[in-house]
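First the structure, in the form of structure tokens, and then the observations on it.
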Amino acid sequence: MSEQPQQLVAPIGTHDVLPDTSRAWERVVGLFSTMAHQWGFGLVLTPVFEDVAVFNRGIGEKSDVARKEMYVFEDRGGRTYALRPEGTASVVRAFVQHHPTTPWKAWYVTPAFRYERPQAGRYRQHHQLGVEVLGTEDPLVDVEVIALAWRFYEALGLKRVSLIINSMGHAECRGAFVTQLRTHLETNETSLCDEHAKLWSNNPLRVIDCKKDECRGVIDAGPSIADALCEPCAEHFAAVAEGLTDIGVPWERNTRLVRGFDYYTRTTFEFVSDALDGAQNAVGGGGRYDQLAQDLGGDPTAGVGFGSGIERLLLALEAESVEGYQTLCDSSVDVFVVDMTGGLQAHLLCDELRRAGVAVDRAYDGRSMKSQLKAADRSGATVALLVGPQELEVGAITIRDLRATSDGDRQRQIARQNVVEEVLRTMEMSKNA
RNA sequence: GUGGGCGUAGCUCAGCUGGUUAGAGCGCCGCGCUGUGGCCGCGGAGGUCACGGGUUCAAGUCCCGCCGUCCACCCCA
């Protein structure tokens with residue numbers, strides 16, 4: 001490897017996921033896939049890159065993500081594309097393009113790209129899974145979307161996640177609120193933090209979730225979005241809150257919750273884990289976006305969805321329980337075949353057992369028995385099958401319990417033709433033990 | 001985009017105010033045990049000290065640059 005002029009490595013802010021942890025990824029995505037299906041969602045796959053307009057019009061050209069974090073590039077035909085920075089805009093673009101019947105319930109899992117300085121729980125390529133529902137304003141759909149996320153976290157074993165909800169109102173009542181807010185910020189401009197004293201007018205809503213004491217003081221004394229909601233928006237919010245309570249999903253209202261994308265209307269929510277410290281404690285979030293389809297050139301169509309970062313989920317899982325996380329990563333097979341006759345027997349046994357649905361591995365290259373058993377140990381298998389000249393001669397297989405602590409019942413010989421049956425029985429026994 | 005810490009074996013790290021052949025633990029391979037893993041003992045392989053310059057008789061150690069990484073701000077998943 002010293003032949004190469006320089007070592008090639010994964011780009012800054014990106015990571016390879018190798019088999020020592022990828023099993024956890026499989027399980028997280030597998031669980032979500034199963035649950036999404038149970039909730040009535042269908043998988044939607046869209047390209048990782050889109051016309052840059054999809055994201056500019058979608059998440060808002062003024063948003064930080066669109067302004068300075070997108071991977072924008074020109075292809076050989078001179079088209080301007082961007083790597084997807086989040087999941088929603090593409091799904092809504094697909095909805096607008098294909099006119100499916102509504103309500104349209106889509107789930108997705110996708111990489112997302114943002115050009116940021118990497119940090120704990122923040123990467124240039126991260127992965128999100130989530131859902132979107134297009135074509136209904138029913139507040140119980142908001143509840144269903146939030147509940148799916150909540151039950152998913154629950155099923156993963158996350159215990160330290162809490163749900164924060166808020167409403168941004170629709171275009172009109174939010175507009176009225178922003179006007180009030182502007183007036184308030186203007187009169188208190190000198191009391192804001194250094195940064196926002198100058199920049200508040202660009203995006204007044206940003207000031208609301210500023211963490212500096214100065215801004216907090218001004219915001220606390222100012223207008224609240226809760227009071228600015230029109231009657232229908234207030235009712236919608238109340239229905240969402242009630243729907244959550246009906247099914248026992250605990251929530252907390254925070255009128256300071258303002259999310260980064262401009263497309264949100266009415267319901268917004270975020271799931272934060274107190275097991276994650278620092279600013280990267282959000283494991284998921286989302287909201288309603290009743291204008292988005294229209295912004296992307298479609299008919300006015302209401303929508304709501306959530307996205308969750310897989311890396312953040314894994315980080316939270318590990319922070320809550322290192323043991324639990326390791327279990328999630330475990331990629332043990334059931335059986336390991338040790339062959340001292342040259343390899344043909346292992347070849348045949350593996351095929352037979354795998355066809356019976358058993359997870360089997362073996363060693364190669366005719367290694368020593370000691371070395372093969374060592375590999376068996378490392379494979380995490382509960383059972384080893386041993387076949388050598390002695391077994392071959394009498395048509396038998398030695399079946400060894402790799403978990404047994406006493407020498408007595410550690411291993412026994414069985415007839416070659418009963419292998420599958422015996423293995424399945426032994427696995428069943430060790431499962432019950 | 002701004003600011004800090006850190007780059008030594010596959011991994012985690014030690015290496016004093018520069019001073020001969022660069023260390024440990026884990027992991028890996030082998031042997032003790034020629035057909036029996038985990039535990040133990042012994043041995044072995046594996047490093048142009050991220051990279052490029054500079055200072056010096058002498059640089060892993062000091063200086064500059066560069067790349068990477070971690071962390072904070074910002075923002076978000």
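The basis for the numbers below is simple: all heavy atoms, side chains too, and nothing from hydrogens, waters or symmetry mates.
Under the Watson-Crick or G-U wobble criterion, with both distances below 3.5 Å, G68(B) is paired with C6(B). Shown here, U21(B) forms no base pair; nothing in the strands shown gives a Watson-Crick or G-U wobble contact with both key distances under 3.5 Å. Nucleotide G1(B) forms a pair with C73(B), judged by Watson-Crick or G-U wobble geometry with both contacts under 3.5 Å. Under the Watson-Crick or G-U wobble criterion, with both distances below 3.5 Å, C16(B) is left unpaired in every strand shown. Across every strand in view, G37(B) sits unpaired, with no contact that passes the Watson-Crick or G-U test at under 3.5 angstrom.
Between Gln280(A) atom CD and C75(B) atom P the separation is 11 Å, expressed in whole Å. To the nearest angstrom, C1' of C39(B) lies 12 Å from NZ of Lys374(A). In this structure, Asp365(A) atom CG and C29(B) atom P are separated by 12 Å, rounded to whole Å.
Partner of Phe152(A) under the ring-ring contact (aromatic ring centres under 6.0 Å, His included) criterion, out of Phe32(A), Trp39(A), Phe41(A): Phe32(A) alone.
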### Task
Evaluate side chain to side chain contact (heavy atoms under 4.5 Å, CB included) for Thr267(A) paired with Val240(A), printing each intermediate quantity in order.
CA-CA 8 Å; Thr267(A) 316; Val240(A) 171; 3.9 Å; yes
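Checking the phosphate oxygens (OP1, OP2) of G38(B), no side-chain nitrogen or oxygen of Arg410(A) falls inside 4.0 Å. Distances shorter than 4.0 Å separate none of the side-chain N or O atoms of Lys370(A) from OP1 or OP2 on U36(B). For C70(B), neither phosphate oxygen OP1 nor OP2 lies less than 4.0 angstrom from any side-chain nitrogen or oxygen of Arg122(A).
Residue side chain Asp377(A) reaches the base of G37(B) through a donor-acceptor N/O pair under 3.5 Å, judged by distance alone. Between the side chain of Glu69(A) and the base of G1(B), no donor-acceptor pair under 3.5 Å is found. A donor and an acceptor atom sit less than 3.5 Å apart, one in the side chain of Arg400(A) and one in the base of G37(B). A donor N or O paired with an acceptor N or O is found under 3.5 Å between the base of U36(B) and the side-chain atoms of Gln411(A). Counting distance only, with no hydrogens placed and no angle test, the side-chain atoms of Gln119(A) and the base atoms of C75(B) include no donor-acceptor pair under 3.5 Å.
Checking C71(B), C74(B), C29(B) against every side-chain atom of Arg117(A), the shortest atom distance belongs to C71(B).
G41(B) and C63(B) have their C1' atoms separated by 48 Å, with the value rounded to a whole Å.
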